[in-house]
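Notes to accompany the following structure.
Since the model is a prediction, treat every value here as computed from it, not as a measurement. Letters A, B, ... mirror the listed sequences (proteins, then strands); counts begin at 1.
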Number of protein chains: 2
Amino acid sequence: MLGTPSRDRVAERRSATRREILDAAWEVARDHGLAQITLRDVAQRVAMRAPSLYSHFDSKNAIYDAMFADAWTECLAVMRATADKIPNDARAAIRLYSRTFFDFAVSDLARHQLMNQRTIPGFEPSPEAYAPAVEALDDLHAHLARYGVTRQEDVDLSIALVGGLIDLQLANDPGGDRYSRLLDRVVDMYADNLGLPA
Amino acid sequence: MLGTPSRDRVAERRSATRREILDAAWEVARDHGLAQITLRDVAQRVAMRAPSLYSHFDSKNAIYDAMFADAWTECLAVMRATADKIPNDARAAIRLYSRTFFDFAVSDLARHQLMNQRTIPGFEPSPEAYAPAVEALDDLHAHLARYGVTRQEDVDLSIALVGGLIDLQLANDPGGDRYSRLLDRVVDMYADNLGLPA
DNA sequence: GTCTATACACCGATAGAC
DNA sequence: GTCTATCGGTGTATAGAC
């Protein structure tokens, strides 16, 4: 069948177009803010009209959903990339793990708002988009378990401690280190409280 | 001047109308979410048309601004109402202070989003609206100073610790106590780290 | 002064031609 | 699959009634 592209080629082109749209959406989010994304603005950056986006995404929230999956997939990759550099010492290990997540979160405000805050009015991530986030959480549990930290409330606490610093860093000193430099201290407080060896 | 209300009466009526509009706005925020406030919805609850609100507020953001001042003024009042119940013991005092703020924040999601997060797209509080927030922060500094906690980074840390728990409580277990019950433990971690007497 | 009526520009979303 | 046209909704501005 001359001139008829294979089914794979078609699927590949569709997937590439989806990727271009998502990249454009991230661009808009970083330029004007996550909540300020408009379909017309995204469409313009991929040389389309706004309604054409509906051929690739069911709704604006579906774009947010794919971006949510994007963000947590990348986070998972970053966290696992440091997994083999993790030292044996428990405190040093938790410090590195926390620092990696902190730096990842703080380096992109729009991404952090999408991943960790409920800043978009009607948006709730779908179970599929949530999957990599659950995977990252499972990794955290496994990571802490290596040092004997297995109680749910202890894991909850570690998330609260790091999250509190991230939020303030982004809100009150974006690009600075006012709260970033408190991270190691907080991890040590945490380790002390759990009775981990100094 | 029979039938001509005094200047005071007029100002009083205007102020009362402003109050009614703000109360209606809070109602909408709690019913549908802070970002879902629409002028038409607020107007309907005070038996007006949307454009009439512009006789009392310059813009929608001006309503958010007045609500922001509202929230921090109330917070300040709540915090000061417990000020005379503060025990002498440093740890117990910081525990009570933290608990009071935690409970206040957690009891109203919309209010917390307005006070402590940047969830409304174009909104930035005016200096006047910010004043009670600054006052509350000054109170916190003075409170901690009574126990020898004066370094900026130590104050920052206390805010991050409590704030991290508040955010997770509202996001992951609204109405529950999953993170609330970790608050005293966090305060003790903090006190230990600062070397406060046990 | 206060409110209404009307209008504008923009948004997400849909219908239908090609 | 992409387009044009359009719909109901939003915040906002203004002219004019009372």
Provide, to the nearest angstrom, the distance between the CD atom belonging to A:Gln44 and the C1' atom belonging to C:dG12. 17 Å
Going by distance alone, is a donor N or O of one side chain under 3.5 Å from an acceptor N or O of the other, for [X] and [Y]?
{"X": "B:Tyr179", "Y": "B:Asp173", "answer": "no"}
{"X": "A:Gln36", "Y": "A:Asp41", "answer": "no"}
{"X": "B:Asp70", "Y": "B:Trp26", "answer": "yes"}

Quick test of your reading of the model: are [X] and [Y] salt-bridged, counting only N-O distances below 4.0 Å?
{"X": "B:Glu74", "Y": "B:Arg111", "value": "yes"}
{"X": "A:Asp192", "Y": "A:Arg91", "value": "yes"}
{"X": "A:Asp184", "Y": "A:Arg99", "value": "yes"}
{"X": "A:Glu12", "Y": "A:Arg19", "value": "no"}
{"X": "A:Arg45", "Y": "A:Asp23", "value": "no"}

Could you list where the contact with chain A starts and ends along DNA chain D, reading 5' to 3', using a 4.0 Å heavy-atom cut-off? D:dG1 to D:dA5
Taking only heavy atoms on the protein side, list every residue of residues 17-41 of chain A lying under 4.0 Å from any atom of DNA chain D, sorted numerically. none
Nearest heavy atom decides the nucleotide; on that basis, is A:Ala50 or B:Tyr54 closer to the 5' end of DNA chain D? A:Ala50
Which is true for A:Arg14 with a 4.0 Å heavy-atom rule: it touches a base, it touches only sugar-phosphate, or it touches nothing? sugar-phosphate
